[in-house]
2 protein chains.
Amino acid sequence: MSPGDEEQAYLAAYDASIFPRPSVAVDVVLLTVRNGGIWALLARRADHPHRGRWAVPGSFLRIDESLDAAASRVLAAKAGLADIFTEQLYTFGAPDRDPRTRVVAVAYYALVEPSRLDRVVSAREAVDLRLARLSVPWPGETGGSVGALDDEGRELGLAFDHAEILGMAVKRIRGKLDYAPIGFELLPDAFSLRDLRFVHEAILGRALNKDSFRRRIIDRGLVVPTGRRAAGVGHRPPELYRFADRSAT
Amino acid sequence: MSPGDEEQAYLAAYDASIFPRPSVAVDVVLLTVRNGGIWALLARRADHPHRGRWAVPGSFLRIDESLDAAASRVLAAKAGLADIFTEQLYTFGAPDRDPRTRVVAVAYYALVEPSRLDRVVSAREAVDLRLARLSVPWPGETGGSVGALDDEGRELGLAFDHAEILGMAVKRIRGKLDYAPIGFELLPDAFSLRDLRFVHEAILGRALNKDSFRRRIIDRGLVVPTGRRAAGVGHRPPELYRFADRSAT
DNA sequence: ATAATAGTGTCTCTCAGACACTATACC
DNA sequence: GGTATAGTGTCTGAGAGACACTATTAT
């Protein structure tokens, strides 16, 4: 028996069903920034458990699908979105996080420009799918649970451990903002430096110095002026910039 | 039927077995720093697949065990270690990463002072369990695969996607080093600033400025002098410091 | 003209790197 | 005393915050 045959025989005899297996779900925190805050797409649960509560969109992982592919599938199915910045966030695996059965949830986060979401949310009746403003009760990158608010500023009931998942997403983008060009994912192709600063301020939850922000962004070569200016803004119109391809850096 | 009863009935009727489920494994990259390099604990695989190749220690997740608990269990079982700094790293889920069956691997990394590992590795015959120096072919936080070397500097064959898992661990600790006190996890209770700098240099893979490193560490209040000095070093003995409890900051 | 924001120039403060200099143990 | 490293003092340059000042458009 050659080593290759031996390995083939081993694999053929391997019984994958001897250990009880958890289910694996992929949940995607779709984030955007508008009105000075961070907003997340949430779906109202139609079924038990946690029926009527609001949940981060997700799906069980298919048996021949990569984790990244599952995240893309969730974004396409729940929000009709493709080509979105998406990154793995953290994996949640407390034994009792889902009362049905053991579910290990691989969480992702995705960033999208708000105008691409307006269509998504208005297409539904905004009853079972909505954008909710996040309320972050901790400063900086402390971490912890994060709530979601309805239009009147009341806390929405969140399903499972999704307050923790939202908290991890906020912590992550706050941490990445300083060294990764993620602000651009939340803006249209052309934007003023003021727009970009507002995005950063919303994510960080604090005001930034106007002048040093401008200099930092320009000095790092992250943006390129387009030569166009915004119009009809009621004051001196700002130069519009676009994200500089990182290959230029 | 009250809402509570209805939920109970739903959960009782829920059949968790209708979807095929992947296996979930927890792999732990146990890292230490010595001789100017980063070293990882690797186990030689006794069985197919990848028999004879070197793998990051791991185990299948038990059905009632949290992910963190599984990581601790792996450290206790494979290295006899408890109370080690451990943190979730990334989840690897390519459909073909294990030829036996679909396995989603939740990777952790752990940091330990090298003297605590000498016992572990010498207890075995160093045939099926060893520390291997990592060879990192990329600068900074670029990311990518990382190899492991034997005592003669030859590449060890790694199992599965474990070169990628090692790479993610190195990328993570390089990124965390600047803002998190992880260097102390790799040193005994009392250490000189020179020792600490060598740990940082080994992790980052580049030399650091002696003077500014000293000032940065002291000015941030991360360390407290013990009043003791190292002895028998052949030159002026350095002050020994200990890690300052972060509550003091 | 006025309001409002865009955008520039300059000063200061902090921090990292560089480097010179002194200190101290072991040989 | 020589050697090797510990530890301090000082200069310089880069970058952030603060602030004053000019520029430009809508009303």
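Proteins come first, then strands; the chains are lettered A, B, ... in the order of their sequence lines, and each starts at number 1. The shown structure was predicted, so the numbers you read here are calculated from the model rather than taken from an experiment.
When the C1' atom of dT5(D) is taken as reference, atom CG of L240(B) falls 14 Å away, rounded to whole Å. One can place CD1 of I217(A) at 15 Å from P of dA6(C), the figure rounded to the nearest angstrom. Going from atom CZ of F198(A) over to atom P of dT5(C) covers 8 Å, rounded to whole Å. To the nearest angstrom, P of dA16(C) lies 12 Å from CG of L208(B). What separates CZ of R228(A) from C1' of dT25(D) is a distance of 18 Å, to the nearest Å. For the pair I218(A) CD1 and dT8(C) P, the interatomic distance rounds to 7 Å; values are reported in whole Å. Distance CG (D178(A)) to C1' (dA16(D)): 12 Å, rounded to an integer number of Å. One atom, CG of L196(B), and another, P of dA6(D), lie 13 Å apart when rounded to the nearest Å.
L117(A) contributes atom CG, which lies 7.5 Å from atom CD1 of I84(A) (distance to the nearest 0.5 angstrom).
Judged as a ring pair (Phe, Tyr, Trp, His ring centres under 6.0 Å), and not counting sequence neighbours, the contacts of F191(B) are F184(B). Partners of R97(B) under the side chain to side chain contact (heavy atoms under 4.5 Å, CB included) rule, at least two apart in sequence or in another chain, are D27(B), F92(B), A94(B), V103(B), A105(B), D161(B), H162(B), I165(B).
R194(A) comes within contact range of the sugar-phosphate backbone alone, with a heavy-atom separation under 4.0 Å but no base atom that close.
Remark: the backbone N or O of P237(B) is paired with a side-chain donor or acceptor of R229(B) at under 3.5 angstrom. A distance-only check finds a donor-acceptor pair linking the side chain of R53(A) to the backbone of L158(A) [under 3.5 Å].
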- 5' to 3', nucleotides 17-27 of chain C under a 4.0 Å protein heavy-atom cut-off (B base, S sugar-phosphate only, - none) gives BBB---BBBS-
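Y241(A) places a side-chain heavy atom less than 4.5 Å from the side chain of I218(A).
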